[in-house]
Every structure is written in structure tokens, then in C-alpha cells.
2 protein chains.
Amino acid sequence: MTESILPTLLTPRELRAWRGMLRVHQTLVRALDAELEREHGLSLTSYEVLLFLGDSEGGRLRMHDLATQVLLSRSGLTRLADRLERDRLIERQACDSDARGSFAVITGEGRGKLAAARATHLDGVRRHFLSHLSRQEQDMLGDTWERILPGSAQSS
Amino acid sequence: MTESILPTLLTPRELRAWRGMLRVHQTLVRALDAELEREHGLSLTSYEVLLFLGDSEGGRLRMHDLATQVLLSRSGLTRLADRLERDRLIERQACDSDARGSFAVITGEGRGKLAAARATHLDGVRRHFLSHLSRQEQDMLGDTWERILPGSAQSS
DNA sequence: CTCGACTTATTGTACGCGCAACGACCGGCG
DNA sequence: CGCCGGTCGTTGCGCGTACAATAAGTCGAG
């Protein structure tokens with residue numbers, strides 16, 4: 001009676017590819033976040049905000065665009081920006097071409113923090129991730145990501 | 001004066017491999033979570049709890065072990081288990097060999113939910129992820145994950 | 001047998017995030 | 001010009017999670 005639809009499961013090969021990514025991602029993100037927090041009192045998302053701002057021309061970005069790039073909801077970014085502003089790592093700036101909008105601008109202090117944190121972060125990415133990959137594998141991974149989600153290449 | 005240490009940045013190839021994973025992971029997890037939530041009112045973490053329980057012998061697991069497998073803190077799992085128990089998808093069971101411990105046990109209703117959700121979830125994983133990968137690539141990915149984080153292969 | 005260091009699960013608390021709603025503002029069309 | 005659908009950033013609210021502290025229990029050394 002209750003013989004429900006049994007979905008055909010994944011093959012071991014598929015499982016390895018899929019769950020491996022989940023594990024690796026979660027583990028690495030946790031580790032990188034912890035390192036950043038410990039050495040610079042910065043969360044990974046805060047770091048990414050500074051990163052994108054620092055690499056933008058003028059060191060500023062519209063809130064909406066910034067939210068998109070760091071994969072945060074607009075409300076989430078509003079709150080995060082509040083904290084970063086409180087810590088004087090960014091400032092807000094009105095947008096004169098559109099009175100609704102505002103820019104987030106990285107401060108000098110923010111740039112200093114970014115440079116320091118970047119060293120830690122990049123070191124972590126290399127230790128935990130890149131060091132295990134040959135150049136060919138890196139290329140292949142990049143191709144794979146691009147195929148799965150077109151436009152997955154971006155700034156540092 | 002303020003000539004700080006400029007960390008040497010990542011190469012484009014490294015960037016593609018690294019940030020690609022971040023984007024793909026976040027996007028896919030969001031999508032899968034939304035599908036599960038919409039079609040079965042189940043979060044991805046809840047699903048994973050049911051999954052691991054359903055695939056364990058006796059349909060039960062110690063809270064501590066379960067927390068480890070779903071990558072949740074023990075307190076996080078306690079709360080999640082509360083919710084799942086409220087929805088009658090799992091039950092708690094005392095452990096007679098160790099009076100401190102308790103088991104989480106999947107219920108019949110939980111198994112039904114799992115079977116249904118599993119169809120949705122596996123379909124999603126195939127559509128969003130596996131369909132873009134050849135068998136060779138799946139193998140290569142699996143190898144890569146295993147090298148980065150030994151022991152990244154597990155149940156469905 | 002008893003003590004003490006460790007483990008297990010739970011609880012208090014705080015935080016980060018998303019969703020929905022809001023006010024302010026934009027731009028195009030009648 | 002005036003309106004109206006859409007957008008931008010912010011806010012109220014609720015949820016899910018981690019960290020620290022706690023109570024109960026385990027196990028081995030003396």
C-alpha cells in the first residue's frame with residue numbers, strides 16, 4: 001500500500017563529486033572565516049565587502065551592486081554596512097545622480113585593514129585549497145564552474 | 001610612509017577556480033533549499049538530518065554523531081531536532097548504554113517525507129550540477145575533494 | 001568505593017541574515 | 001504637467017545558528 005516512489009539514488013561517483021563539494025566548501029569557509037576573525041576581527045562577509053570596494057574605481061559602489069556581488073540581500077548589506085561604518089572601515093556617500101541611492105566608500109583605515117586581511121586570507125586560500133591543485137586542475141575547475149554557472153569568474 | 005605589505009594577489013586561473021566554487025556553491029545551495037522549502041516545507045538542513053537518519057541502521061543516530069555529519073553545532077542540532085520532533089518527523093529515544101546520550105529516530109512520517117523530498121532534491125542536484133559534468137569530470141572532482149579534505153565521500 | 005576530568009545534551013543569550021513592508025525617488029506615458 | 005509602475009535603501013520582525021555555561025552521567029586512577 002504505502003509503496004512510495006523510490007527516487008533512484010546517486011551513483012557513488014556522483015555522490016563523491018557532489019557531497020565532496022559541500023564538505024570542502026563548508027569546511028574551508030569556516031576555517032577562513034575563523035582565521036580572519038581571529039587575526040583581524042573581521043568576518044568573511046565583511047572582508048568581501050572591503051575587497052569589492054577596494055577593487056572598485058574610487059573605492060566605492062552602490063549599495064545595490066555591492067549587495068549583489070557579495071551575495072547578500074539588500075537589507076543584509078544595510079546592516080553589515082552599518083557595522084562597518086561604525087568601525088570606520090567604510091563610509092556612506094550620497095549619490096547625486098540618483099537621490100534614492102547611496103554609495104559605500106572604503107576609508108583609509110578600511111584599506112589598511114583590507115591589505116592586512118588580504119594577506120591572511122590569500123594565505124589561507126592557498127594553504128587550504130590551491131596548494132592541492134595543479135595548474136591544469138585549476139583550469140579544469142574554472143571551466144567546470146563556468147559551465148555550471150556562466151559568469152563565475154570575478155575579482156580577487 | 002604608509003607603504004603596507006601588498007600581498008601578492010591570485011592569478012586569474014586561481015581566481016577562477018576559487019571564486020567559482022564559492023559562487024556555484026552558494027547559488028546551488030540557495031536554489032536547492034528553495035525548491036525543498038517550496039515543495040515540501042523542508043529546509044536543506046532538515047532534509048539532511050532525515051537523510052542521515054534514514055540511511056542509518058535502525059533509522060537512528062546519537063545526537064552528537066548526527067550533529068557532526070550534518071555539520072551543525074550540537075546546540076544547533078538540539079534546536080533543529082526540537083522542530084523536527086514537533087512536526088513528528090523524528091522522535092527522541094533514550095540511550096540505555098549511556099544515560100547521558102539520546103538518539104534521534106526517524107518516524108514513519110519522517111520516512112515518507114524523506115522519500116518525497118529526496119526525489120525533489122536529487123532531481124535538483126542533477127539538473128543544477130551533475131548534468132553539466134561528464135563521468136570523467138565527476139571522478140576528477142571527487143579525487144580533488146578527497147585530496148583537499150581527506151574523507152569527503154559519504155552517503156547519499 | 002570515591003573522586004575528578006571528561007563527555008553528552010540542553011539552555012541562555014546574542015548575532016547575522018532574509019522577507020515583507022515602507023517612504024523616497026526615478027522615469028516614461030498620457 | 002501629473003500620475004503610476006518600478007527601484008533604492010532602510011526598518012520591523014522572525015528564524016536559525018554558534019558560543020558559553022550548566023546539569024547529568026561516564027570511566028579510570030588511587
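In what follows, every chain begins at residue 1, and chains take the letters A, B, ... in the order their sequences are listed.
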Pick base, sugar-phosphate or nothing for B:Ser102, based on heavy-atom distances below 4.0 Å to the nucleic acid. sugar-phosphate

Mind listing the closest non-hydrogen atom pair of A:Ala104 and A:Met63 along with its distance? CB-SD, 4.1 Å

Interatomic distance, A:Arg83 CZ vs D:dT10 C1' [rounded to whole Å]: 14 Å

Does OP1 or OP2 of C:dA9 have a side-chain N or O of B:Arg62 closer than 4.0 Å? yes

Once you apply a heavy-atom cut-off of 4.0 Å, does A:Thr45 come out as touching a base, just sugar-phosphate, or nothing? sugar-phosphate

So what does A:Arg79 hit on the nucleic acid, given a heavy-atom distance under 4.0 Å: a base, only sugar-phosphate, or nothing? base

Compare every heavy atom of B:Leu77 with every heavy atom of B:Leu66, then report the nearest pair and how far apart it is. CB-CD2, 3.8 Å

Using a cut-off of strictly less than 4.0 Å, decide whether A:Arg30 has a side-chain nitrogen or oxygen near OP1 or OP2 of D:dA18. yes

Between A:Asp98 and A:Ser73, which residue's closest nucleotide on DNA chain C lies nearer the 5′ terminus? A:Ser73

Stems with DNA chain D, 3 or more Watson-Crick or G-U pairs in a row (under 3.5 Å), are C:1-30 with D:1-30

The single option from A:Asp123, A:Leu130, A:Val125 passing side chain to side chain contact (heavy atoms under 4.5 Å, CB included) against A:Arg127: A:Asp123

Using side chain to side chain contact (heavy atoms under 4.5 Å, CB included) as the criterion, point out the one residue from A:Thr144, A:Ile148, A:Leu149 that pairs with B:His132. A:Ile148

Hey, can you tell me if A:Tyr47 and A:His121 have their rings parallel, tilted or perpendicular (30° and 60° cut-offs)? tilted

From the candidates D:dG9, C:dC26, D:dT17, the one with an atom nearest any side-chain atom of A:Ala99 is C:dC26

Among C:dA20, C:dT11, D:dG9, the one nearest B:Thr78 by side-chain distance: C:dT11

Of A:Leu71 and A:Arg100, whose nearest nucleotide on DNA chain C comes first from the 5' end? A:Leu71

Between P of D:dA18 and CG of B:Leu77, the distance in whole Å: 10 Å

In this structure, how many angstroms lie between the P atom of C:dC15 and the CG atom of A:Asp33, rounded? 16 Å

